[in-house]
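To keep things clear, I will list the structure first and then write my remarks on it.
Numbering starts at 1 and runs along the sequence shown.
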Amino acid sequence: MSEVLWNRLTAAELRALAARDAVVLLPIGATEQHGPHLPTGVDDFLAAEVCRRAAVLAAERTGVVVTPSVPTGLSEHHMAFGGTLTLTLPTLHALLRDISRSVIRAGFSRILIVNGHGGNMTALNALTTELTTELATPIAFASYFGAGREVVRDTLETQDGLMHACEGETSMMMAAHPDLIRSEHLREAYGPRITLPAESTEPVYMAVPFDRITKSGVAGDARVASAEKGERMLSGCASVLADIIVRDPWTK
């Protein structure tokens, strides 16, 4: 199996990938509280894992490489719980612009930002347009759980899509990073059902701190999570993402 991670490749190997017009995946997540049973890096870890798996699949058909993940995003709504790192929107814009510019200067022209955090979604829709204009390069954006919406919905028992520290995220962490699960706290890991703000049909949006929504820090029910569900979702989302890469939306 060929190496797909940018920071495990040499400069010469990356130049060769650039000469092949390889696709570059740029995972971004968040570092924020995820209830009593999950580490703060969930969104970062899962975005990176889906990208790695997708790249391995797509590499059979096209050149592809995965940059180091951006571990911090827009998480102001989780700050009250502690343990959370957050960026402002201008900082996120500048960070993604500089990373993307570096990728382009390294000879690549096809970039897909892959998001793992619901709180980044609306901003990344807008920033993708800004980056495409600023860098004169078509930038694409997908949330892995949106791309794999069908497999997520068909796998979960208690919800239709990802919420927060929920059945879905906990299941995927059980599959990808079982050593990081605080299993003794799983019985406490439940809270109200939510809709991600970017997917809400409410006519008015207002910023609501997450501690007003759930005292446990969890939205959804992690008590029914399993590694088997997690593996199915990780594999399914990676497969959909690999298909997107091969279909080449940059030249449409």
Side-chain angles (χ1 to χ4, degrees), residues 4 23 25-30 34 38 42-62 64 66 69 73 110-125 128 139-178 189-202 218-250 252:
V4 296
V23 173
L25 303 184
L26 198 175
I28 176 171
H34 267 78
L38 292 177
V42 166
D43 294 348
D44 176 41
F45 299 153
L46 294 180
E49 176 66 11
V50 172
C51 281
R52 183 191 66 78
R53 291 178 180 226
V56 169
L57 293 173
E60 299 174 0
R61 294 172 281 176
T62 189
V64 61
V66 183
S69 62
R110 296 188 292 166
I111 300 172
L112 175 61
I113 298 171
V114 180
N115 174 50
H117 170 47
N120 291 338
M121 293 170 67
T122 303
L124 288 174
N125 277 327
T128 296
I139 310 293
F141 156 61
S143 292
Y144 78 82
F145 48 85
R149 184 184 311 277
E150 289 187 10
V151 71
V152 171
R153 181 195 62 215
D154 293 346
T155 300
L156 298 178
E157 294 180 62
T158 61
Q159 55 197 79
D160 294 327
L162 293 193
M163 293 182 186
H164 185 77
C166 56
E167 177 189 357
E169 288 191 327
T170 303
S171 292
M172 287 186 285
M173 285 296 291
M174 286 176 170
H177 297 283
Y190 62 94
R193 296 170 61 88
I194 64 167
T195 299
L196 296 179
E199 298 178 341
S200 175
T201 58
E202 292 294 325
V218 178
D221 193 344
R223 295 173 296 182
V224 295
S226 72
E228 291 75 20
K229 293 176 187 175
E231 180 59 34
R232 182 180 177 191
M233 287 185 288
L234 289 170
S235 297
C237 290
S239 179
V240 172
L241 204 58
D243 288 342
I244 290 171
I245 293 165
V246 173
R247 288 202 307 269
D248 189 11
W250 300 268
K252 294 293 187 291

Side-chain donor/acceptor of D221 to backbone N/O of E167, under 3.5 Å: no
CG on L57 to CZ on R52, rounded to 0.5 Å: 9.5 Å
Over all atoms of both residues, closest heavy-atom pair of N115 and H117: ND2-O, 2.8 Å
pair T62-R110: side-chain heavy atoms closer than 4.5 Å: yes
Sidechain-backbone polar pair: S171 side chain, S226 backbone, donor-acceptor under 3.5 Å: yes
Minimal non-hydrogen separation, E199 against M121, with atom names: OE2-CE, 4.0 Å
Side chain to side chain contact (heavy atoms under 4.5 Å, CB included) evaluation trace for M233 with L156: CA-CA 9 Å; M233 287 185 288; L156 298 178; 3.8 Å; yes
Audit row: M172, F145, side chain to side chain contact (heavy atoms under 4.5 Å, CB included) steps and yes/no: CA-CA 11 Å; M172 287 186 285; F145 48 85; 6.0 Å; no
Interatomic distance, M163 atom CE to L196 atom CG [nearest 0.5 angstrom]: 8.5 Å
Validation row: R61, D243 side chains within 4.5 angstrom (heavy atoms): yes
Point-to-point distance, once rounded to the nearest 0.5 Å, from CG of L112 to CH2 of W250: 5.0 Å
Nearest heavy atoms of R232 and V151, plus distance in Å: O-CG2, 3.8 Å
Any side-chain heavy-atom pair of I28 and L124 under 4.5 Å: yes
Chi angles and distances behind the side chain to side chain contact (heavy atoms under 4.5 Å, CB included) call for K229, M174: CA-CA 9 Å; K229 293 176 187 175; M174 286 176 170; over 6 Å; no
Short N-O contact, R53 and E49, less than 4.0 angstrom: yes
Closest heavy-atom pair and its distance - Y144, G116: CE2-CA, 3.6 Å
Gap separating the OG1 atom of T158 from the OH atom of Y190, nearest 0.5 angstrom: 14.0 Å
Atom CD of E150 with >12 non-hydrogen neighbours under 6.0 angstrom: no
Candidates D43, L46, V152 - the one meeting side chain to side chain contact (heavy atoms under 4.5 Å, CB included) with L162: V152
Closest approach of A176 to L234 (non-hydrogen atoms, all atoms of both residues): CB-CD1, 4.0 Å
Non-hydrogen atoms of A165 and A222 that approach each other most closely: O-CB, 3.6 Å
Beyond-backbone contact of L26 with I139, side-chain heavy atoms, under 4.5 angstrom: no
